[in-house]
*Asks:* 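This is the structure, below, for whatever I ask next.
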2 protein chains.
Amino acid sequence: MDRRTSSPASGEALLFLTDEQLRQGIEAMFFAYRGFTADPDRILAEMAYGRAHHRAIHFIGRAPGTTVNNLLNLLGVTKQSLNRVLRTLIADGLVESKVGRMDKRERHLNLTQAGQELEQTLSDAQRARMRAAFRDAGPDAVAGFRTVLEAMMDSEMRASYARLRDSTL
Amino acid sequence: MDRRTSSPASGEALLFLTDEQLRQGIEAMFFAYRGFTADPDRILAEMAYGRAHHRAIHFIGRAPGTTVNNLLNLLGVTKQSLNRVLRTLIADGLVESKVGRMDKRERHLNLTQAGQELEQTLSDAQRARMRAAFRDAGPDAVAGFRTVLEAMMDSEMRASYARLRDSTL
DNA sequence: CAGTTTAAGTCAGTGTTGTTGACACTCCAA
DNA sequence: TTGGAGTGTCAACAACACTGACTTAAACTG
C-alpha cells in the first residue's frame with residue numbers, strides 16, 4: 001500500500017518508517033533474539049533444563065518471595081505450564097516454595113543457595129553479550145534501543161517492566 | 001563482581017554498562033519480543049500454523065527461489081524440523097518447490113499467490129506494531145535500536161542479516 | 001568410471017514447552 | 001455455613017524442536 005508516507009511535507013522526516021525500514025527492524029529483532037538466548041541456552045542444555053526454567057529462575061531471583069500467580073503474569077504462560085517447571089526446580093533444590101502466612105492459598109517462591117548460583121551463572125553469560133553489544137553501540141544507541149523496545153511492548157508488559165525497573169533501584 | 005567499571009577515569013562515561021542497566025536491557029528484550037510476536041501469533045493460531053510457519057513464509061517471501069539449505073541456515077533449525085513445516089505449507093498450496101535447473105539436487109522455494117497473501121497479512125500485523133513503536137521513539141532511537149541489535153547477533157547471523165538488508169534495497 | 005560428497009527428504013525416538021480439563025484447598029462474604 | 005472466587009496441582013495431549021540413521025539423486029573428483 002503506502003510504501004512510505006504520502007504526505008510531501010513530512011516525507012523526508014519519516015523515511016525511517018518505510019516498509020523497508022520496518023522489515024529490517026523485524027529481521028533485526030529475529031536475529032538478535034537468537035543471539036540473546038544463545039549463551040544461556042548452551043548452559044541449560046547441559047542440564048535437563050530449558051529456556052522456561054531460565055525465565056522462572058530469573059524472575060524469582062528478581063522478585064524474591066513472589067507468588068505463583070504473580071510469576072504467571074510476568075511470564076505470560078499458563079499456570080500448568082509454569083507449574084511443571086517449578087516442580088522440577090523445587091525437586092532439584094533450586095527453588096523453595098513456602099505457604100503464605102497471611103493467605104495460605106498463596107505460595108511464596110525463593111531461590112535457594114544453589115538456585116542463586118545457577119541464576120548468577122546464566123545471567124553472567126547473558127550479560128556478557130549484552131555488555132559487549134552496549135559497549136560497541138555506545139550510550140546514545142543504548143538509550144534508543146531501550147526506548148524502541150519499551151514502545152514495542154503490550155501495555156501490561158510495559159507496566160510489569162516499569163515496576164521491575166523502578167523497584168530496588 | 002564488577003558492578004560497574006572500576007576505572008575512576010571512565011567511571012562516569014560507562015554508567016550505562018552497570019549490571020543494573022544490563023538487567024534492564026535483558027528484561028526489555030524479553031518483554032518486547034513477546035509483543036513482537038503477539039500479533040502474528042494470534043492470526044496463526046486461527047489456522048493450524050505456528051511461529052515456525054511464519055518464519056519460513058517470511059524468509060521465502062524475502063528471498064524468492066531460495067534453496068532449502070539456504071533457508072536452513074537462515075532459520076537456524078534442523079532439516080527435519082524445517083521439513084515438517086515445509087511439507088504442510090506445500091500441501092496447503094502456500095509454497096511451491098521446484099527442482100533446480102543448474103543443480104537438480106536443489107529445490108527452489110517460492111510463495112504461491114495464496115502464500116503471498118498470508119505473508120502480507122502476517123507482516124502487516126507485525127509492521128503495524130513496529131511502525132507505532134518507531135514513530136513513538138523517533139528516528140534517533142530507531143538508529144540506536146538497530147545498532148544495539150546488530151551488535152547482539154552472532155557473527156553468522158549478522159552476516160545473514162546484512163546480506164538480506166543490502167539485497168534489493 | 002568408481003568412489004566420495006552434497007542436497008534433500010524421511011523415519012523413529014526423545015525432550016521441552018505450551019495447551020485444556022478436572023480437581024483440591026483456602027478465603028471471604030451473603 | 002454455604003457458595004463463589006482465588007490459588008495451586010495433577011494428568012493428558014499437541015506443537016515444535018532435537019538427534020541419529022537412512023535413502024535417493026545428482027554432482028564432483030581422482
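Bear in mind the structure is a predicted one, so any value in this text is a computation, not a measurement. Below, chains carry the letters A, B, ... as their sequence lines are ordered, and counting in each starts from 1.
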*Asks:* I'd like to know if A/Gln80 reaches the base of C/dG21 with its side chain, counting only an N/O donor and acceptor under 3.5 Å.
*Replies:*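 Check passes, donor-acceptor contact within cut-off.
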*Asks:* Whole Å only: how far is the CG atom of A/Asp41 from the P atom of D/dC18?
*Replies:*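 Rounded to the whole Å, the gap is 11 Å.
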*Asks:* Are A/Phe145 and B/Phe16 an aromatic pair, judged by ring center distance below 6.0 Å?
*Replies:*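 When the ring centroids of B/Phe16 and A/Phe145 are compared, they turn out to be at least 6.0 Å apart.
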*Asks:* Nearest whole angstrom, please: distance from the C1' of D/dC16 to the CG of B/Leu89.
*Replies:*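 Atom CG in B/Leu89 sits about 14 Å away from atom C1' in D/dC16.
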*Asks:* Please report, rounded to the nearest Å, how far the C1' atom of D/dG20 is from the CG atom of B/Asn83.
*Replies:*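 Going from B/Asn83 (CG) to D/dG20 (C1'), I get 16 Å.
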*Asks:* Are any side-chain N or O atoms of A/Arg51 and backbone N or O atoms of A/Leu44, one a donor and one an acceptor, separated by less than 3.5 Å?
*Replies:*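 Side chain of A/Arg51 to backbone of A/Leu44: no pair is present.
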*Asks:* Taking only heavy atoms on the protein side, list every residue of residues 99-111 of chain A lying under 4.0 Å from any atom of DNA chain C, sorted numerically.
*Replies:*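 DNA chain C contact set from residues 99-111 of chain A: A/Asp103, A/Lys104, A/Arg105.
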*Asks:* Between B/Thr78 and D/dC18, is there a contact of a side-chain N or O with OP1 or OP2 at under 4.0 Å?
*Replies:*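 Checking D/dC18 against B/Thr78, a side-chain N or O does come within under 4.0 Å of OP1 or OP2.
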*Asks:* Under 3.5 Å, which donor-acceptor pairs link side chains of residues 87-96 of chain A to any protein atom two or more places apart or in another chain?
*Replies:*
unit_1	atom_1	unit_2	atom_2	d
A/Thr88	OG1	A/His53	NE2	3.3
A/Thr88	OG1	A/Val85	O	2.8
A/Asp92	OD2	A/Tyr49	OH	2.3

*Asks:* Are the side chains of A/Arg107 and A/Thr67 in touch, meaning some heavy atoms are under 4.5 Å apart?
*Replies:*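 They are not in contact (no side-chain heavy atoms under 4.5 Å apart), so the answer is no.
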*Asks:* For the pair made of CG in B/Asn70 and C1' in C/dT6, what is the distance, rounded to whole Å?
*Replies:*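 Between C1' of C/dT6 and CG of B/Asn70: 15 Å.
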*Asks:* Check for a donor-acceptor pair, side chain of B/Arg55 on one end and backbone N or O of B/Leu75 on the other, with a separation under 3.5 Å.
*Replies:*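 Such a contact is absent between B/Arg55 side chain and B/Leu75 backbone.
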*Asks:* Determine whether A/Val68 and A/Asn83 satisfy the following criterion, side-chain contact (heavy atoms from CB on, under 4.5 Å), listing intermediate values before the conclusion.
*Replies:* CA-CA 8 Å; A/Val68 172; A/Asn83 190 257; 5.9 Å; no
*Asks:* Expressed in angstrom and rounded to an integer, what is the separation of A/Glu46 atom CD from D/dC18 atom C1'?
*Replies:*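 That distance rounds to 16 Å.
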*Asks:* OP1 or OP2 of D/dG6 less than 4.0 angstrom from a side-chain nitrogen or oxygen of A/Asn69, does that happen here?
*Replies:*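 Checking D/dG6 against A/Asn69, no side-chain N or O comes under 4.0 Å of OP1 or OP2.
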*Asks:* Could you report the tightest heavy-atom contact between A/Thr66 and A/Leu71, atom names first, then the distance?
*Replies:*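 Heavy atoms only, the tightest pair is OG1-N, 4.1 Å.
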*Asks:* Roughly how many Å is it from NZ in A/Lys98 to P in D/dG8, rounded to a whole number?
*Replies:*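 Distance, rounded to whole Å: 15 Å.
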*Asks:* Examine distances only and state if a side-chain atom of A/Asp154 and a backbone atom of B/Gly35 form a donor-acceptor pair shorter than 3.5 Å.
*Replies:*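 A pair under 3.5 Å: no.
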*Asks:* What does the list of N/O pairs under 3.5 Å between the protein and nucleotides 13-16 of chain C look like, with a distance for each?
*Replies:*
unit_1	atom_1	unit_2	atom_2	d
C/dT16	OP1	A/Ala48	O	2.7

*Asks:* For the helix from C/dC1-D/dG30 to C/dA30-D/dT1, how many degrees between its two end axes (five pairs per end), to the nearest 10°?
*Replies:*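 Here the helix ends are tilted 10° relative to one another.
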*Asks:* Would you indicate what A/Gly76 reaches in the nucleic acid, counting non-hydrogen atoms under 4.0 angstrom: base, sugar-phosphate, or nothing?
*Replies:*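 If one applies the 4.0 Å heavy-atom cut-off, A/Gly76 turns out to touch nothing in the nucleic acid.
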*Asks:* Select one nucleotide: of C/dA7, D/dC18, D/dC10, the one nearest the side-chain heavy atoms of A/Arg87.
*Replies:*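 Among the listed nucleotides, the one closest to the side chain of A/Arg87 is D/dC10.
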*Asks:* When you compare the side chains of B/Glu20 and B/Gln24, does any donor N or O come within less than 3.5 Å of an acceptor on the partner?
*Replies:*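 A donor-acceptor contact under 3.5 Å links the two side chains.
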*Asks:* Nearest-Å distance, CZ (B/Arg55) to C1' (D/dC16)?
*Replies:*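 Taking atom C1' of D/dC16 as the reference, CZ of B/Arg55 is at 9 Å.
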*Asks:* Using ring pair (Phe, Tyr, Trp, His ring centres under 6.0 Å) as the criterion, list what pairs up with B/Tyr33, not counting sequence neighbours.
*Replies:*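 Partners of B/Tyr33 by the ring pair (Phe, Tyr, Trp, His ring centres under 6.0 Å) criterion, ordered by chain and then number, come out as A/Tyr33, B/Phe36.
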*Asks:* Using the test salt bridge (Lys or Arg N to Asp or Glu O under 4.0 Å), find all partners of B/Asp136 that sit at least two apart in sequence or belong to another chain.
*Replies:*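 Not a single residue meets the salt bridge (Lys or Arg N to Asp or Glu O under 4.0 Å) criterion with B/Asp136.
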*Asks:* Counting heavy atoms from C-beta on, name the nucleotide in C/dT10, D/dT7, C/dG18 closest to the side chain of A/Val77.
*Replies:*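 Nucleotide nearest to A/Val77's side chain: C/dG18.
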*Asks:* What integer distance in Å separates A/Leu72:CG from C/dT17:C1'?
*Replies:*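 Rounded to whole Å, this separation is 14 Å.
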*Asks:* Can you check whether B/Met152's main-chain N or O pairs, donor with acceptor, with A/Arg129's side chain at less than 3.5 Å?
*Replies:*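 Here the side-chain-to-backbone pair exists.
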